[in-house]
Number of protein chains: 2
Amino acid sequence: MPRKLSTLDPQRLDSQICFAVYSAAHAFNRVYKPLLDRLGLTYPQYLVMLVLWERDDVPVKDIGEKLFLDSGTLTPLLKRLEAAHLVKRTRSSEDERQVLIALTPQGHALKEKARGVPPSILAATDCSVSELVAMKDEIVALRDRLNAVIGE
Amino acid sequence: MPRKLSTLDPQRLDSQICFAVYSAAHAFNRVYKPLLDRLGLTYPQYLVMLVLWERDDVPVKDIGEKLFLDSGTLTPLLKRLEAAHLVKRTRSSEDERQVLIALTPQGHALKEKARGVPPSILAATDCSVSELVAMKDEIVALRDRLNAVIGE
DNA sequence: TCACATTTAATTGTTCGCAATTGAATGTGG
DNA sequence: CCACATTCAATTGCGAACAATTAAATGTGA
């Protein structure tokens with residue numbers, strides 16, 4: 001009598017935390033989209049801008065380490081940000097292998113326009129800040145354990 | 001004296017739950033990759049197979065509703081699964097607008113080969129099942145609230 | 001110094017993910 | 001019954017995401 005086991009079946013879609021994370025990421029993306037459209041940014045471009053608003057004039061590699069992305073993703077993305085006049089890309093003179101990414105005045109200015117984004121997202125989650133912080137910390141811990149397994 | 005506020009700054013990358021979810025999704029993907037390579041599947045293809053292993057002979061729309069994906073994503077993906085001889089795509093005779101997706105014998109057989117995937121993922125998370133279930137339920141609830149906002 | 005490994009970005013090719021549009025089939029109101 | 005709207009899948013175009021490779025600059029050991 002294998003009844004009621006279906007909800008525990010590890011091969012069921014709804015049992016899988018990974019699908020929960022995957023589908024939540026897409027849901028976030030859809031909420032961000034109209035907000036970021038006004039800034040002329042995609043979500044990954046917004047992430048790069050967040051990094052640069054914290055610290056400017058950084059090599060591509062540093063951005064990649066913070067966002068867990070490689071040059072195959074970042075190079076074309078940064079070229080689009082450059083085409084949008086938000087960043088400048090210049091070869092480092094000390095180490096010619098590195099390309100340094102710096103904000104333009106427009107890139108700096110966009111930070112003010114983007115100030116309304118996090119509150120809008122917070123409202124959409126319909127959660128308290130403390131709940132979100134707790135969830136975020138759990139998810140980050142999980143992510144870091146997964147990333148630790150990869151580097152084996 | 002705006003000191004120590006940086007960790008609470010909503011415009012900081014590390015404050016954002018969305019980045020936690022985004023980067024966790026990518027971390028999961030990297031853990032799944034070597035496991036799914038052996039099955040000849042990508043992660044989204046694996047999700048479609050999970051749906052079909054639960055219920056066969058379903059229209060594209062139903063798959064899309066379960067996975068939150070549209071025909072722009074699913075049509076080419078399903079064609080690849082068909083080219084890999086895992087599914088058949090046939091127009092419904094009752095409603096010629098629908099395309100029904102059915103597993104081939106190889107598609108059915110793959111379920112057995114895929115049985116080892118969830119335990120491997122579980123091991124990689126280094127979490128107890130009950131912890132994961134609790135996190136999963138929280139994330140699903142968050143996702144559903146976000147999706148509710150979109151349909152406004 | 002010189003051969004060799006390492007680091008860094010860029011490039012190529014494949015697969016998602018989605019917006020917008022198209023076209024065919026079906027449903028509905030008058 | 002017929003004009004019209006709706007539904008469904010397919011298509012087009014663009015921007016990620018990543019594996020694999022390339023090329024140039026830098027570091028290292030003999």
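Every chain is numbered from 1, with letters handed out A, B, ... down the list of sequences.
Out of D/dA17, C/dA9, D/dA16, the shortest distance to the side chain of A/L69 is found at D/dA17. When distances run from any side-chain atom of A/D95 to the nucleotides C/dT26, D/dA25, D/dA17, the shortest one goes to D/dA25. For B/R97, the listed nucleotide lying nearest its side chain is C/dA25; candidates were D/dA17, C/dT15, C/dA25. When the nucleotides C/dA10, C/dG17, D/dA19 are ranked by their closest atom to the side chain of A/R89, C/dA10 comes out on top. Checking C/dC18, D/dT6, D/dT11 against every side-chain atom of A/H26, the shortest atom distance belongs to C/dC18.
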Verdict with supporting geometry, B/R91 and B/E96, salt bridge (charged side-chain N to carboxylate O under 4.0 Å, His left out): CA-CA 6 Å; B/R91 287 263 160 206; B/E96 297 260 338; 5.9 Å; no
Stepwise side-chain contact (heavy atoms from CB on, under 4.5 Å) check, B/V117 with B/L39: CA-CA 10 Å; B/V117 172; B/L39 306 178; 4.1 Å; yes
Salt bridge (charged side-chain N to carboxylate O under 4.0 Å, His left out) between B/E82 and B/K79, worked out: CA-CA 5 Å; B/E82 189 174 42; B/K79 284 182 177 175; over 6 Å; no
Steps toward salt bridge (charged side-chain N to carboxylate O under 4.0 Å, His left out) verdict (B/R55, B/D62): CA-CA 10 Å; B/R55 192 162 68 84; B/D62 287 23; 3.3 Å; yes
Going by atom type alone, with no hydrogens or angles, which donor-acceptor pairs under 3.5 Å involve a side-chain atom of residues 69-76 of chain A and a protein atom two or more places apart or on another chain?
unit_1, atom_1, unit_2, atom_2, d
A/D70, OD1, A/G72, N, 3.2
A/D70, OD1, A/T73, N, 3.2
A/T75, OG1, A/S71, O, 3.0

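One interatomic measurement links the two molecules: CG of B/L36 to P of C/dT14, which rounds to 20 Å at whole-angstrom precision. Taking atom CG on B/L77 and atom P on C/dC18, their separation rounds to 12 Å, with Å as the unit. Following rounding to the nearest Å, A/E96 (CD) and D/dG27 (C1') show an atom-to-atom distance of 16 Å. If you measure from atom CG of A/D70 to atom C1' of C/dT12, you get 13 Å, rounded to the nearest angstrom. At whole-Å resolution of the value, CD in B/Q98 and P in D/dT6 are 19 Å apart. Distance, B/N29 CG to D/dA17 P: 11 Å, rounded to whole Å. The CG atom of A/L74 sits 10 Å away from the C1' atom of D/dA17 (whole-angstrom rounding). A/K33 has its NZ atom 13 Å from the C1' atom of D/dA16, to the nearest Å.
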Measure all distances between protein nitrogen or oxygen atoms and nitrogen or oxygen atoms of nucleotides 2-5 of chain D, and list the pairs falling under 3.5 Å.
none

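Closest approach of B/M49 and B/G107 over heavy atoms only: CE-O, 3.7 Å. Closest approach of B/V149 and A/A124 over heavy atoms only: CG2-O, 3.5 Å.
One finds a side-chain N or O of B/Y22 lying less than 4.0 angstrom from the OP1 or OP2 phosphate oxygen of D/dA17. An OP1 or OP2 oxygen of D/dA25 is reached within less than 4.0 angstrom by no side-chain nitrogen or oxygen of A/R91. In this model, the phosphate group of C/dA10 is approached by a side-chain N or O of A/T75 to a distance below 4.0 Å at OP1 or OP2. B/K79 has a side-chain polar atom (N or O) that falls below the 4.0 Å cut-off from OP1 or OP2 of D/dT11.
More than 12 heavy atoms of other residues, nucleotides or ligands sit less than 6.0 Å from atom NE2 of B/H108.
Checked against the 6.0 Å centroid threshold, B/Y43 and A/Y22 count as a close aromatic pair.
Without hydrogens or angle criteria, A/D56 side chain to A/L103 main chain gives a donor-acceptor distance under 3.5 Å.
Using a 4.0 Å heavy-atom cutoff across all strands shown, A/T42 reaches sugar-phosphate atoms only and no base atom.
For B/S71 and D/dA10, a side-chain-to-base donor-acceptor distance below 3.5 Å is present, hydrogens and geometry of angles not being considered.
Listed by residue number, the members of residues 54-68 of chain B with any heavy atom below 4.0 angstrom from DNA chain D are B/P59, B/V60, B/K61.
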